[in-house]
Amino acid sequence: MIGFDSFGRVSLVLIVLLLSKGGMAQQTTPDRPNVLWITCEDISPYLGSYGFAQAHTPNLDKLAKRAIQFSNAYANAPVCAVARATILSGMYASTTGTHQMRTLVQLPEQIPAYPKILREAGYHCTNNSKKDYNSNFINDPDLWDESSNQAHYKNRTEDQPFFAVFNLTVTHESQLSEERIQYYVENGLIPEEPRIDPSDIELPPYHPDLPEVREDWARFHDLITLMDAQVGELLQELENAGLAENTIVFFYSDHGGQLSRSKRYIYNVGTQVPLMVHLPDKWKHLSSVSAGEVDKSLVSFVDLAPTILSITGTEIPAIMQGKSFLGKDSEKSPEYVHFFRDRMAERYDLSRAVTDGKYYYIRNFMPHRPRGRDSRYGYQVQANWRAYEAAYEAGNTNEIQSQFYQPKPQEQFFDTEEDPWQVDNLVEQPASKARVKSLSKELDRWMVETRDVGLIPEPMFHELAGTGKKHATLYEFAQSDDYPIRKILNVAKVATAGNADNLFKYLKDKNPIIRYWGAYGIFLHPDQSDRIQNSLRAMIREDESAANRIMAAQALSLCGDADTGFEAIMKEALATPHGYVLLQALNAFQYSHTDDRLSLEDWQTFKEKEFVANDPGAGLGYPQRIIDDAIALFPERRKVD
């Protein structure tokens with residue numbers, strides 16, 4: 001029997017041990033699940049478990065039988081960096097300013113990142129290996145315990161729970177290039193001839209029936225099968241390590257894709273993704289849906305971060321905009337999922353969309369920009385893009401296929417159950433009017449509520465926020481009264497649908513963003529009256545914003561004074577020390593149809609420009625893409641509309 005003094009001394013020893021680092025306190029922490037997060041790239045739900053008949057995905061089909069499979073899962077943006085920025089913070093990229101593809105936005109400290117939160121909660125967090133967050137989080141040393149192509153959960157300390165990301169890249173659009181396919185064949189990773197006979201491929205209605213299109217589709221499915229094998233290896237490794245019974249497994253694609261008119265485009269085929277979550281028996285209570293069943297809830301990438309925090313028993317920051325769909329903090333399925341599409345590499349655009357899972361509404365704020373005249377990257381890496389463009393130019397595409405190279409409607413409305421490829425725009429049908437109005441109203445509500453920064457021209461960012469300014473970051477600017485988003489949204493909608501008379505008054509508004517949309521609207525609806533021309537000339541002379549001066553010059557060129565318009569754009573292009581301003585100017589030459597006045601020496605001068613130190617628009621190379629393309633084509637010109 002231990003006396004009081006002895007008991008007191010034993011208790012003291014126990015207390016010391018419990019409080020000491022590496023002592024019993026670590027062993028008595030609550031049991032928490034590990035999380036294995038397997039992502040692939042650029043695929044829609046082209047898996048056997050999703051009913052895709054031509055798939056060969058045995059490992060993922062096997063996983064689906066013991067996982068929850070989500071039938072309405074979406075990336076909020078149809079491109080990698082923007083989608084990942086949304087995942088990382090649990091906030092819409094269109095709120096934080098990380099919505100352009102690609103950029104390096106400075107974020108304020110209050111913007112969360114789920115790996116940091118998990119690390120603070122004791123998790124060992126590894127990323128293998130893509131960091132594509134569109135922000136200063138890319139270079140944050142505190143984001144991950146390890147981020148490299150060697151990062152692995154096996155490097156954690158004993159008994160430490162882990163969160164491990166493995167990003168499989170073999171289905172990325174670049175892997176369809178002739179060189180990469182040859183590499184995979186020569187190394188025995190895919191068959192010498194496609195598994196599916198290209199003649200048996202079931203083409204979507206928007207793709208012309210061309211050998212290059214069929215071949216790329218067939219090889220795409222070979223790459224999906226290769227990715228499936230890699231998933232199987234990761235799952236087997238987890239099993240061999242004896243960790244499977246305490247590890248929750250996520251599998252999803254970073255967005256849809258990957259052939260022409262999918263990735264980068266705000267249709268189902270660009271946004272809808274496969275998503276599976278396997279909950280071991282120990283953790284099956286985290287969902288009301290049983291293993292092997294399909295969950296029809298609406299889920300999107302903004303929900304992933306809060307869901308991870310919920311299933312690991314970690315507090316979800318109130319600032320996160322997503323909703324957990326698993327765990328103690330899970331919420332009921334939302335009514336809608338929202339989407340955003342902005343600059344895609346070297347080409348500016350602005351589209352927003354919303355779906356209830358069946359009906360899908362898109363609003364195109366820049367309808368003059370054809371989808372197929374977008375970034376040239378797809379044409380560089382895939383034969384189907386080049387063949388598609390050549391067929392259109394030769395007049396060998398039908399009405400549906402030709403849509404890709406024609407201006408966009410201001411609004412699009414689809415029934416995705418009847419029209420899964422979204423080629424039949426029902427927006428003008430009388431039976432659609434009420435639902436279109438309802439979804440349009442919902443989209444407005446969401447844009448205002450989330451303080452959507454997509455309405456701010458990117459070349460204006462450095463004028464509105466930054467070191468020494470009233471607002472240090474774009475996010476802080478957009479959250480302030482200096483961003484009257486409801487008024488700006490209304491003006492942007494008028495600019496898209498209106499006429500010059502309705503827009504004239506906005507050219508002298510005190511808000512620079514409103515002036516921009518006024519000038520853009522006149523560009524979209526040209527008016528050659530003296531009144532309009534004189535106002536645009538005054539804007540070129542007097543506006544404090546380079547973005548507005550360029551847009552006024554672009555509009556003036558179509559309103560009857562291309563000489564003044566060209567000279568003004570040239571002045572801005574030569575003078576600016578900012579990459580995004582140069583990018584806007586280069587686009588403006590082409591959309592104002594004044595690029596025929598540029599000499600080869602002019603393009604070379606642009607190529608040799610220098611920018612201010614640490615300029616976020618200089619190091620990404622997007623102005624250089626337009627310049628190099630123009631030099632390669634010279635004296636021919638790139639078609640942009």
Side-chain angles (χ1 to χ4, degrees), residues 37-46 73-94 96-105 113-115 127-139 143-144 147 149 165-177 180 220 223-224 227 230 250-275 300-305 339-347 349 351 371 374-378 380-382 385 454 619-622 625:
W37 198 329
I38 304 173
T39 71
C40 70
E41 301 194 323
D42 300 11
I43 75 165
S44 300
Y46 301 138
Y74 302 89
N76 299 104
V79 72
C80 55
V82 185
R84 281 181 170 82
T86 298
I87 293 171
L88 184 70
S89 64
M91 300 179 68
Y92 296 108
S94 55
T96 61
T98 55
H99 56 299
Q100 309 281 14
M101 175 65 190
R102 154 178 302 112
T103 187
L104 191 60
V105 172
Y114 74 83
N127 176 49
N128 189 334
S129 62
K130 196 165 187 176
K131 292 195 299 184
D132 211 4
Y133 308 130
N134 263 3
S135 71
N136 53 292
F137 276 129
I138 292 175
N139 301 314
L143 194 61
W144 300 99
S147 182
N149 58 11
V165 176
F166 288 88
N167 187 70
L168 307 178
T169 61
V170 295
T171 53
H172 187 268
E173 64 179 324
S174 62
Q175 304 306 291
L176 264 187
S177 70
R180 293 304 295 168
F220 180 29
L223 295 178
I224 292 175
M227 177 273 295
Q230 294 177 338
F250 281 69
F251 169 82
Y252 67 94
S253 174
D254 66 343
H255 48 73
Q258 53 152 284
L259 278 68
S260 48
R261 196 197 173 271
S262 55
K263 177 180 181 178
R264 287 186 289 273
Y265 300 99
I266 199 167
Y267 298 115
N268 252 11
V269 74
T271 58
Q272 191 168 17
V273 298
L275 170 64
S300 68
F301 281 6
V302 75
D303 303 321
L304 288 175
F339 308 97
F340 33 92
R341 181 188 195 273
D342 297 271
R343 176 175 54 74
M344 292 293 159
E346 67 267 32
R347 298 294 175 189
D349 202 358
S351 295
R371 288 146 287 205
D374 212 358
S375 169
R376 299 302 298 177
Y377 184 70
Q380 294 169 5
V381 297
Q382 293 187 5
W385 282 82
L620 299 171
Y622 293 132
R625 283 195 184 184

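Everything numeric here is computed off the predicted structure, so don't read it as measured data.
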Side chain to side chain, [X] and [Y], heavy atoms closer than 4.5 Å:
| X | Y | answer |
| --- | --- | --- |
| E41 | K130 | yes |
| Q230 | C40 | no |
| N167 | R84 | yes |
| W385 | S260 | yes |
| Y267 | R371 | yes |
| I87 | W37 | yes |
| T39 | D254 | no |
| L104 | I138 | yes |

Distance in Å, [X] [atom1] paired with [Y] [atom2], rounded so as to fall on 0.5 Å steps:
| X | Y | atom1 | atom2 | result |
| --- | --- | --- | --- | --- |
| S174 | Q382 | OG | CD | 8.5 Å |
| L143 | N127 | CG | CG | 8.0 Å |
| T103 | N134 | OG1 | CG | 6.0 Å |
| F220 | S44 | CZ | OG | 6.5 Å |
| N149 | T169 | CG | OG1 | 10.5 Å |
| D374 | D349 | CG | CG | 6.5 Å |

Closest heavy-atom contact between [X] and [Y]?
| X | Y | value |
| --- | --- | --- |
| K263 | V79 | CE-CG2, 4.5 Å |
| D132 | C80 | OD2-SG, 3.4 Å |
| V273 | G256 | CG1-N, 3.9 Å |
| S147 | S129 | OG-O, 4.0 Å |
| L176 | L259 | CD1-CD1, 3.8 Å |
| A305 | L88 | CB-O, 4.4 Å |

Taking the side chain from [X] and the backbone from [Y], do they hold a donor-acceptor pair closer than 3.5 Å?
| X | Y | value |
| --- | --- | --- |
| R102 | M344 | no |
| E346 | R376 | yes |
| N76 | V302 | yes |
| D342 | M101 | no |
| D303 | S300 | yes |

Query raised in the report: Given R264, which of H255, Q258, E173 fulfils the side-chain hydrogen bond (donor to acceptor under 3.5 Å, both in side chains) condition?
Result: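 Only match with R264 under side-chain hydrogen bond (donor to acceptor under 3.5 Å, both in side chains): E173.
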Requested in this report: Would you check, one step at a time, whether the test side chain to side chain contact (heavy atoms under 4.5 Å, CB included) holds for L223 with I43?
Outcome: CA-CA 10 Å; L223 295 178; I43 75 165; over 6 Å; no
Requested in this report: Sort out for me which residue in F339, Y252, Y74 forms a ring pair (Phe, Tyr, Trp, His ring centres under 6.0 Å) with F301.
Outcome: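 In the set F339, Y252, Y74, the residue that makes a ring pair (Phe, Tyr, Trp, His ring centres under 6.0 Å) with F301 is Y252.
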